[in-house]
Number of protein chains: 2
Amino acid sequence: MLPSHTVENYLKAVFQAQTVLGPDELVPMGQLAAALGVVPGTATAMVKALAQSGLVRYEAYAGVRLTSAGEKLAALVLRRHRLIELFLVKVMGMSWTDVHDEAEHLEHAVSDRLIDRIDEMLGRPAVDPHGDPIPAPEGTVTVPAYDTLLTCPLHSPMVVKRVSDQETDFLRFAERHDLTPGQTVQVEERDTAADSVRLRGTGEREVTIGARAASKVLVEAVPRRPQS
Amino acid sequence: MLPSHTVENYLKAVFQAQTVLGPDELVPMGQLAAALGVVPGTATAMVKALAQSGLVRYEAYAGVRLTSAGEKLAALVLRRHRLIELFLVKVMGMSWTDVHDEAEHLEHAVSDRLIDRIDEMLGRPAVDPHGDPIPAPEGTVTVPAYDTLLTCPLHSPMVVKRVSDQETDFLRFAERHDLTPGQTVQVEERDTAADSVRLRGTGEREVTIGARAASKVLVEAVPRRPQS
DNA sequence: TACCAGATTTTGACAAATCAAAATATCAGA
DNA sequence: TCTGATATTTTGATTTGTCAAAATCTGGTA
Ligand SMILES: [Mn+2]
Ligand SMILES: [Mn+2]
Ligand SMILES: [Mn+2]
Ligand SMILES: [Mn+2]
């Protein structure tokens, strides 16, 4: 019995909530329900069924976490999602701002064989168009720990490595300000009171963005001596 | 309310049954149920619901036929299916023998925008890898009337235009004997008693195939003076 | 320690899609 | 016209996924 679309979506949501909360935390039902756009009671019912199938462990009033079986399945859904996103950008010429919604459906419909062709065609990539890491076929992921524009050093050139928001509007905003993976930026000033971050980007252009937005842009120091 | 996968599959099945039975025939429920792999009672229930939605007309004990609304939806599902099949062959390098099952799932998951990119990328093709005509975005299809290897003239070179069976095994058989769209064949002899057809294919190779198989290979006379 | 606000679970209902099996209709042949 | 074989419909259940709203729990605060 292969998992339904719904089951795949629940597992993926738990997986992603778990990676932000930390590996030992339980995901609260309210958060899970919100992520999936269902009413809390629905999530409770579904999670109980998933627990029956051995895909999650569930503690009433505490929350839910994936078992290793559930974790593997979830990682494979995420793998499909991210490979599809990259495929849509690289091969189909779609914009990175739009591919998420399309991938949200396709991730449940592609076969293992097709996903492997896609992977091969893309040269076994490590990250998707947003810089999100692509889980291996075995279901393992390594998530590099990056600074954000809110935590990185000032006056020091940084490369954008990842933009962690799937909303078309935010991605368009990021693109408009050259905050896409691969671009270089530098934080000029942080104003805690104003809740803002002033940036100098490619071509000396300056922008000031909110702290909220800044925290979604993950960066890494530009290596001192780039390989010739 | 966009139609569910199930509704799309029912409409497509009625559409296809209708094109083989003829435009004025009602599709019997038993046949529809068999095509969809459900028990007859299920088909009856579903068809009644489709009739409620105005997608089909249903006459108890007689059968079902698409309304023009249903026909348009069905044609669009078929359009997606066939464009996806061609895409999988041309762009993803899959075999024409395998793409049907993959397309059966993807046809319900691709957006209109993506399907249009695919159509564009393929150069607005008229037929899929099996020679099946691709419905227009408006939901219209023109089905050319071809001879089959069972009805075409003897000793006269014919081009294979279409192979009308989606089974991997049959398609592999056809491929083995150079009976793929674009190839040239010639019928040497028909033996009604033996229920067989003897063919001479590319490279003078001869094969004898059954009448059943022969009827699935649609052909057209090779034009007298091919365009230089 | 008692209470409350907020989160969570429970209960009861519903829609979609399906099957098994009983009931019924149709149609061809005697 | 009657009869049976076959096709179709009906009936009653089941599974999955969902919501609304009532009931219950939990973690702090007074
Ligand atoms: Mn999804
Ligand atoms: Mn992504
Ligand atoms: Mn289908
Ligand atoms: Mn085809």
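Computation of the quantities below employed the complete heavy-atom set of this structure, encompassing side-chain atoms and omitting hydrogens, waters and symmetry-equivalent molecules. Residue numbers start from 1 in every chain, and the chains themselves are labelled A, B, ... in the order their sequence lines are given, proteins ahead of strands.
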For atom CD of Glu59(B) and atom C1' of dA7(D), their distance in whole Å: 16 Å
Glu102(A)-Ser111(B) side chain donor-acceptor pair, cut-off 3.5 Å: yes
Whole angstrom value for the distance that separates P of dT8(C) from CG of Leu36(A): 14 Å
Minimal non-hydrogen separation, Gly93(A) against Arg117(B), with atom names: O-NH1, 2.9 Å
Atom-to-atom span, CG of Leu55(A) to C1' of dT16(D) - whole angstrom: 15 Å
Carboxylate-amine/guanidinium proximity below 4.0 Å for Asp195(B) and Arg212(B): no
Closest contact, heavy atoms only, Val56(A) versus Leu11(A): CG1-CD2, 4.2 Å
Gly41(A) vs Ala45(A), nearer the 5' end of DNA chain D by closest nucleotide: Ala45(A)
Report all side-chain donor-acceptor pairs from residues 126-143 of chain A shorter than 3.5 Å, counting only partners two or more places apart or in another chain.
unit_1	atom_1	unit_2	atom_2	d
Asp128(A)	OD1	His130(A)	N	2.7
Asp128(A)	OD1	Gly131(A)	N	3.1
Asp128(A)	OD1	Asp132(A)	N	3.0
His130(A)	ND1	Glu85(A)	OE1	3.0
His130(A)	NE2	Trp96(A)	O	3.0
Asp132(A)	OD1	Arg162(A)	NE	2.7
Asp132(A)	OD1	Arg162(A)	NH2	3.2

Side-chain donor or acceptor of Ser53(B) paired with backbone N/O of Leu55(B) under 3.5 Å: no
Residues Lys216(A) and Glu167(A) bridged, charged N to O under 4.0 Å: no
Donor on one side chain, acceptor on other, His100(A) and His81(A), under 3.5 Å: yes
Arg190(B) side-chain N/O to Arg198(B) backbone N/O, donor-acceptor pair under 3.5 Å: no
Spacing of Lys48(B) atom NZ relative to dT9(D) atom P, expressed in whole Å: 7 Å
Whole angstrom value for the distance that separates C1' of dA25(C) from CE of Met29(B): 15 Å
End-to-end axis angle, where each axis spans five pairs of the helix from dT1(C)-dA30(D) to dA30(C)-dT1(D), to 10°: 30°
Proximal nucleotide (of dT9(D), dT9(C), dC19(C)) relative to the Val39(B) side chain: dC19(C)
Give me, pair by pair, the N or O atoms of the protein and of nucleotides 24-26 of chain D that are less than 3.5 Å apart, along with how far apart they are.
unit_1	atom_1	unit_2	atom_2	d
dC25(D)	O4'	Tyr61(A)	OH	3.4

Exceeds 12 heavy-atom contacts within 6.0 angstrom, atom CZ of Arg113(A): no
Contacts of Asn9(A) that satisfy side chain to side chain donor-acceptor pair (under 3.5 Å) - sequence neighbours left out: His108(A)
Side chain Thr148(B), main chain Val217(B), donor-acceptor under 3.5 Å: no
Aromatic plane relationship, His177(A) with Phe173(A) - under 30° parallel, 30 to 60° tilted, over 60° perpendicular: perpendicular
Residues touching DNA chain C, which here means a heavy atom under 4.0 Å, drawn from residues 17-26 of chain B: none
What does the list of N/O pairs under 3.5 Å between the protein and nucleotides 12-17 of chain C look like, with a distance for each?
unit_1	atom_1	unit_2	atom_2	d
dA17(C)	OP1	Ser4(B)	OG	2.5

